[in-house]
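Here's the structure, in structure tokens; my notes come after.
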Amino acid sequence: MARPPSAPDDDLFELRLARSAPDLFPMLEALYGARPDYPAFRERLVKALRKGWADRPADLKRLDLIRDLEPDWFQRPGMAGYVFYIDRFAGTLKGILGRLDYLEDLGVTYVHLMPCLKPRPGDSDGGYSVMDYRQINPAYGTMADFEAVSAALRARGMSLCVDLVLNHTAKEHAWARKAAKGDPKYQDYYLMFDTPDLPRQYERTLVEVFPDNAPGNFTHYPEFGKWVWTTFNEHQWDLNWANPAVFLEIVEVMLFLANKGVDVLRLDAVAFMWKRMGTRCQSEPEVHMILQALRACSRIASAAVIHLEEAIVAPAEMLPYLGRGRHDGKEGNLAYHNSLMVQFWSALATRDTRLMTHVLATHFPDRLTNATYATYIRCHDDIGWAVTDEDAAAVGLSGQAHRAFLSDFYEGSFPGSFAQGALFQANPATGDKRISGSFASLAGLERAGSAGDAAGVEMAVQRILMGHALIAAWGGIPLIYMGDELALTNDYSYQSDPHHAHDSRWVHRPRMNWALAETRHTGDTPAARVFRGTRQILARRAATPALHGAVPVRVATCGNHGVFAFQRLAPTGTLLGLFNFTEGWQQVPEAWARSLGAQAMHDALSDQRVETHHGQIVLPPYARVWLT
């Protein structure tokens, strides 16, 4: 007997389920298949996916179709991101609606609202201690306000990114409250122990994320007699991803947010999701199985949504988050290019690009499958000097000494440093010293400005623009952190706020200076010059097809240690990026550039011809050139 015809929506769901089933079910079987409740879990999951699709608004279903037909939408050179805390940028969600012209003026097509889901009261780790995934932080507005923002962004062709914390919830989350009251179902949502014996065994190989403020990885709660795994802060309880009920809960949350208009889910703290005795409990193989399965769920019920996986780790550990081996092309669509950021700051301090060239040429493939990088210079977080001893030794450096030098340089204590930053979580036992500070202050603008050093101010402006030109040309999606386009310097007011004073990262989380922004088109201040320069960089990026995220990138060696170079090997012709990391004039041979494909000697960034002198391309201080 023939099956009765189904609605087109049902057909689409079945087609997408069939498409992604090979990516989804083998992962789930490997993770949970040995459990007696696996068949029931699988049935509940498919039911949840079907419901998520049925509840999806018609305009988002249309967007699903568009992005199925244009799967490279997020790799195109017109993509440019802007990242901000809602309260610091516009006060509330409704306030954002009045600032969209500013973002459009800058050239933004991707907006990341920093943590906006309902956090615990008081210290919430900057919003990453979430007590309700389905509500908005009431300080910012309501879910209706959030939907209004997502619709307004969509109407302007802007994609919306929000944070979804996967490793932990706040201890005030409804699941955690039930667990604390003794409910065994919800105690199994977390990692709880009756005695300290197993926690002590795990601690032997774990690292501390916040050694100053939250030492250790477990917290004892005498009131209910459990030791709870708390990787980050005491109020952040690690979820038990070995329990399939947790997977199902998070999928339902993902689909809920997708149906509110989210385009990009920034999956936070993913490296820590799976625990294994005798390891760091970071980036275990099961993490990648979970993330591939989560992505498959999005592709089934909300195909327009992509995943950004937040893993700030060394290159060999980071690349699997974009898919490697059996996960190739099936895991994250985006991951932060932490190494590009670290090497920018390293080369800027040393005026030497050899380490940068070695790291980026050695550890990164020239292209990725169905994925690309989120490139950035600064973000809401501190900078950890992810330079391995092996990479440092390859260019004749001591890894430990170089990391210490970078911290001293960007704190501003190293003789001759142009930077002004602040230490974050200095660990005397390991020598690890991370750095906080705004782009402008770390690039020298604060120190030069306070000293009345006009030449130093000029150099700082050029460093900022060179950094933005670098992340715009590397490929992927360049992310501008709020205020960097206006060269905002460190904000020390956090020191008088009891909720923030212990955390130097608030020094680079200023409030938006809208009075300064009003001068962006007419002023001759560093703020106005940086805004106009950044705007021009993003406009030229959008007009340069060779900067598509799928175009292969190859690091090149030009023989001048002050200059970083790479090729974008586009079908229409090579683009050669040249970046002078020094305050002096540098040169590279014209014949070398031509041999790498830069035949026209045209700079796509300035849209001008590059004149050579005596067979040399001459680069002013902190020059940035996109030669075609």
Side-chain angles (χ1 to χ4, degrees), residues 65-81 107 109-110 157 159 303-304 306 315 319 322-324 328-335 337 339-340 357 360-375 468-479 536-558 563-579 588-610 612 617 624-628:
L65 280 172
I66 292 170
R67 289 181 177 168
D68 267 344
L69 294 170
E70 301 177 353
D72 69 334
W73 66 273
F74 64 95
Q75 297 175 304
R76 295 177 179 179
M79 291 296 290
T109 55
Y110 168 118
S159 300
I306 61 172
L319 284 168
L322 292 166
R324 280 290 172 273
D328 188 57
K330 302 175 182 179
E331 198 172 326
N333 307 100
L334 293 168
H337 204 320
S339 290
L340 182 66
T357 297
L360 297 176
T362 303
H363 297 299
F364 294 92
D366 65 6
R367 75 199 81 183
L368 299 160
T369 306
N370 299 329
T372 190
Y373 302 108
T375 56
H468 282 161
L470 173 67
I471 62 172
W474 185 264
I477 302 178
L479 303 179
Q536 188 252 353
I537 288 167
L538 297 182
R540 293 304 304 156
R541 169 185 156 80
T544 306
L547 300 183
H548 190 288
V551 170
V553 181
R554 290 185 188 167
V555 177
T557 304
C558 65
V563 177
F564 178 64
F566 59 81
Q567 298 169 284
R568 302 300 310 274
L569 302 172
T572 52
T574 295
L575 180 145
L576 180 63
L578 299 175
F579 300 85
V588 298
E590 176 186 357
W592 167 83
R594 290 187 181 278
S595 73
L596 294 182
Q599 296 293 331
M601 285 294 137
H602 179 266
D603 176 20
L605 181 53
S606 65
D607 200 20
Q608 299 291 325
R609 177 172 173 76
V610 174
T612 58
I617 299 170
R624 49 273 173 196
V625 179
W626 302 347
L627 274 183
T628 59

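Below, each value reflects all heavy atoms present in this structure, side chains not excepted, and no hydrogens, waters or symmetry copies. Throughout, residue positions are numbered sequentially from 1 according to the sequence presented.
- To the nearest 0.5 angstrom, Ile617 atom CD1 is 8.0 Å from Arg594 atom CZ.
- Using a distance-only test at 3.5 Å, with no hydrogens or angles considered, a donor-acceptor pair links the side chain of Arg568 to the main chain of Trp474.
- Using a 4.5 Å heavy-atom cutoff, the side chains of Val553 and Tyr373 are not in contact.
- Residues Phe566 and Leu360 are not in side-chain contact: their nearest non-hydrogen atoms beyond the backbone lie 4.5 Å or more apart.
- The structure places CZ of Arg67 at 3.5 Å from CH2 of Trp73, a figure rounded to the nearest 0.5 Å.
- Every residue two or more places apart in sequence or in another chain that forms a side-chain contact (heavy atoms from CB on, under 4.5 Å) with Arg554 is listed here: Asp366, Arg367, Gln567, Leu569.
- Considering only heavy atoms from C-beta on, Ser339 stays 4.5 Å or farther from His363 through its side chain.
- Considering only heavy atoms from C-beta on, Ile537 comes within 4.5 Å of Leu605 through its side chain.
- Distance CD/Gln536 to OG/Ser606: 7.5 Å, rounded to 0.5 Å.
- One distance of note links CG of Asp328 with CG of Leu319; it measures 11.0 Å at 0.5 Å rounding.
- Evaluation of the side-chain contact (heavy atoms from CB on, under 4.5 Å) rule for Ala303 yields Arg16, Arg19, Asp64, Asp68 as partners, not counting sequence neighbours.
- Within the 4.5 Å cutoff, the side chain of Leu596 has no heavy atoms near those of the Thr574 side chain.
- Residues Met601 and Ala593 share a closest heavy-atom pair of CE-CB, 3.9 Å.
- Under the 3.5 Å distance criterion, the side-chain polar atoms of Asp603 are matched with a main-chain donor or acceptor of Trp626.
- With hydrogens and angles disregarded, no donor-acceptor distance shorter than 3.5 Å links the side chain of Gln75 to the backbone of Asn370.
- Nearest heavy-atom pair, Leu322 versus Ala371, reported as atom, atom and distance to 0.1 Å: CD2-CB, 3.9 Å.
- Checking side-chain atoms of Trp592 against main-chain N and O of Thr557 turns up a donor-acceptor pair under 3.5 Å.
- The shortest distance between side-chain heavy atoms of Ser159 and Phe74 does not fall below 4.5 Å.
- Taking the side chain as every heavy atom from C-beta outward, Leu470 and Thr375 never approach each other to under 4.5 Å.
- Glu331 places none of its side-chain heavy atoms less than 4.5 Å from the side chain of Arg324.
- Between Ala598 and Leu627 the shortest heavy-atom distance is CB-CB, 3.9 Å.
- The two atoms that bring Leu334 and Ala374 nearest to each other are CD2-N, 4.5 Å, heavy atoms only.
- Between the side chain of Thr109 and the main chain of Ala80, a donor-acceptor pair closer than 3.5 Å is present.
- Pairing each heavy atom of Leu575 with each of Ala546, the nearest pair is CB-CB, 4.0 Å.
- A donor-acceptor pair is defined here as one N or O able to donate and one able to accept, closer than 3.5 Å; such a pair exists between the side chain of Arg609 and the backbone of Ala600.
- Every side-chain contact (heavy atoms from CB on, under 4.5 Å) that Arg76 has, sequence neighbours left out, goes to Glu70, Asp72, His548.
- Of the possible donor and acceptor atoms, none in the side chain of Arg624 sits under 3.5 Å from a partner among the backbone N and O of Ala469.
- Not one N or O on the side chain of Thr369 forms a donor-acceptor pair closer than 3.5 Å with the backbone of Gly329.
- Between Ala604 and Thr628, the closest heavy-atom pair is CB-CG2, 4.1 Å.
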